[in-house]
2 protein chains.
Amino acid sequence: MNDSKNTRSRILDVAEELFSEQGIDRVSIRDITAAAEVNLGAINYHFGSKEDLIAAVFERRIVPVNAARLVALQTVRESTRKQPRVEDILAAFIRPTVECSGGKARGERAFSKLFGRCLSEPSPEVEAMLKRQFEPLVEQLESALMMALPKLSRSDIFWRLKFTFGALHHWHLTRDKFLPAGLDPGDVEEQIQKLIAFTAAGFQAA
Amino acid sequence: MNDSKNTRSRILDVAEELFSEQGIDRVSIRDITAAAEVNLGAINYHFGSKEDLIAAVFERRIVPVNAARLVALQTVRESTRKQPRVEDILAAFIRPTVECSGGKARGERAFSKLFGRCLSEPSPEVEAMLKRQFEPLVEQLESALMMALPKLSRSDIFWRLKFTFGALHHWHLTRDKFLPAGLDPGDVEEQIQKLIAFTAAGFQAA
DNA sequence: GAATCATTCATACGTTCGTTTGAATTGGTT
DNA sequence: AACCAATTCAAACGAACGTATGAATGATTC
């Protein structure tokens, strides 16, 4: 068990959790190193700078998620010769964001919030990274949706996809917040099905 | 023309624009006072602290918007004896967020981004303020939606409303970002209609 | 026109931030 | 045992932060 790897990955895990909980700007590298029980200099040694750590934290999650999305999308396209189902396309887009979180418990929640937060982080570096990571995915998504919904204009596809992004990420970000008392939130699978049903119906609106 | 009022409102305007553009945590009070061309001490003098300024900036916009939403919602309920239309309820929820922005141009964009940002700000103070400002509105919204869609469970209403929140706020936050080249974004009215149509269809999903 | 109040101003305080430095420590190789 | 590269460590750096202070300035009232 390499000790360096331990330090590095412990920093990544702690940073992910703190970023998820408080947002990037409210977490100092001293917060991270203290919680990870590593030396203050460890972040700059292993990652170079705070910005590089931020990129590493987000990319560690987003890269495999978007890769899984592209694979799932390709599967949908291949399994249907003519028109893919909207639900299947949206499921290919939505499901990997929960399935790639690995274990459950608080690790899952941290990832979920981190993922939800990434689209609302005001940092220009994060925004540039998002654009890079999401561009090919959005392209494939739009193309698949145009096949599934040939009546829709490019503009309609674009905006409805944006609404879907918003619903998905807001769900990730606040799924354990603002819960009214006495309402059973149900399990994750239920919530995902609700989200897919909601957005699929939105796409199929007249 | 009271000079104090000028300073106070100039601070509010500048703070709103900077918060919208960069997020709360990335804007220092020195940024604000410099852009507003007022003295560094002006913020602490007029508002007490940065936290109080933040609250003032958000509440100045959210209070009238949520008030207008409640009025519009009441109008919908009164104009229909039995079942209100889902589209009308959602319009009562969505339209005030653009109509209360006052003038157009960059002022509107600043308000729009500020509004989109408020739900994703990680500050606990902002979150507490949101809960206070949105609780009565959400109550009315859920009640009206249950009348319009009696087949839906409370849980369904809750989650679909959350998805709607996400779509609305993400639209506000990024409506001039990630626009693909060669796509006419259309005007605001078009986009709102698309959003209402999308979410209304989502609510009416089987 | 003197006194009183609200506002503006320049300046400084203490804290926290990201980063750097150079020495100490570790683990593996010869 | 000696060496070397990788890693950890304590300490310090300058910059930026929110806030506080007391003197100047302006307007209002008597």
Side-chain angles (χ1 to χ4, degrees), chain A residues 1-59 114 117 121-129, chain B residues 1-60 117 121-129:
Chain A
M1 198 72 67
N2 194 342
D3 208 5
S4 140
K5 248 190 181 176
N6 271 341
T7 296
R8 220 188 106 96
S9 69
R10 203 154 65 237
I11 290 175
L12 280 173
D13 289 339
V14 168
E16 175 175 78
E17 177 154 357
L18 294 181
F19 286 161
S20 308
E21 216 61 48
Q22 311 174 28
I24 288 179
D25 293 321
R26 303 179 84 84
V27 177
S28 70
I29 68 167
R30 281 174 176 82
D31 292 333
I32 299 170
T33 53
E37 293 178 315
V38 300
N39 186 266
L40 173 61
I43 286 182
N44 289 287
Y45 175 77
H46 285 283
F47 298 93
S49 69
K50 190 188 181 185
E51 282 300 338
D52 293 327
L53 169 65
I54 294 167
V57 169
F58 276 98
E59 285 180 357
L114 180 85
R117 201 171 288 290
E121 274 296 336
S123 151
E125 290 85 0
V126 172
E127 192 180 314
M129 189 260 291
Chain B
M1 196 74 67
N2 194 343
D3 208 7
S4 139
K5 249 192 178 175
N6 272 340
T7 296
R8 221 188 104 94
S9 69
R10 203 154 65 239
I11 289 174
L12 280 173
D13 289 340
V14 168
E16 175 175 78
E17 176 154 358
L18 293 182
F19 286 159
S20 308
E21 214 61 48
Q22 309 173 31
I24 289 179
D25 293 320
R26 304 180 83 85
V27 177
S28 70
I29 68 169
R30 282 173 174 83
D31 292 334
I32 299 171
T33 54
E37 292 177 318
V38 299
N39 186 267
L40 172 60
I43 285 182
N44 289 288
Y45 176 77
H46 284 284
F47 297 93
S49 69
K50 188 188 181 183
E51 281 299 338
D52 293 326
L53 169 65
I54 294 167
V57 168
F58 276 98
E59 284 180 357
R60 179 172 69 142
R117 203 170 285 291
E121 274 295 333
S123 152
E125 291 85 0
V126 171
E127 192 180 314
M129 189 260 293

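Scope of the values below: all heavy atoms of this structure, side chains included, with no hydrogens, waters or symmetry mates. Just so it is clear: chains get the letters A, B, ... in the order the sequence lines come, proteins before strands, and each one is counted from 1.
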Between [X] ([atom1]) and [N] ([atom2]), how many Å, whole number?
X       : N      : atom1 : atom2 : answer
A:Phe47 : C:dT20 : CZ    : C1'   : 18 Å
A:Asn44 : C:dT19 : CG    : P     : 5 Å
A:Asn6  : C:dG27 : CG    : P     : 12 Å
A:Ile11 : D:dC9  : CD1   : P     : 11 Å
B:Ile54 : D:dG18 : CD1   : C1'   : 11 Å

Under 3.5 Å donor-acceptor, B:Asn44 side chain and B:Gly41 backbone: no
Taking the side chain as everything from C-beta on, heavy atoms only, tell me whether [X] gets closer than 4.5 Å to [Y].
X       : Y        : result
A:Phe58 : A:Ile24  : yes
A:Phe47 : A:Ile11  : yes
B:Arg26 : A:Pro124 : yes

Polar side chain donor-acceptor pair, B:Glu125 to B:Ser123, under 3.5 angstrom: yes
Of the listed nucleotides D:dT7, D:dT19, C:dT20, the one nearest the side chain of A:Tyr45: D:dT7
Inter-residue atom distance B:Leu53.CG - B:Arg8.CZ, 0.5 Å rounding: 9.0 Å
Gap separating the CD1 atom of B:Ile43 from the OG1 atom of B:Thr7, nearest 0.5 angstrom: 11.0 Å
Using only side-chain N and O atoms of [X], determine if any of them is under 4.0 Å from OP1 or OP2 of [N].
X       : N      : result
B:Ser49 : D:dG18 : no
A:His46 : D:dA6  : no
A:Thr7  : D:dT8  : yes

side-chain contact (heavy atoms from CB on, under 4.5 Å) partner of A:Phe19, the single match among A:Asp25, A:Val14, A:Ile54: A:Ile54
Neighbours of DNA chain C within residues 18-39 of chain B, by heavy-atom distance under 4.0 Å: B:Arg30, B:Asn39
Closest heavy-atom pair and its distance - A:Val38, A:Ala42: CG2-CB, 4.0 Å
Write out a two-atom table: protein N or O, nucleotide N or O from nucleotides 24-26 of chain D, distance below 3.5 Å.
none

Touch class at under 4.0 angstrom, heavy-atom based, for B:Leu40 against every strand present: base
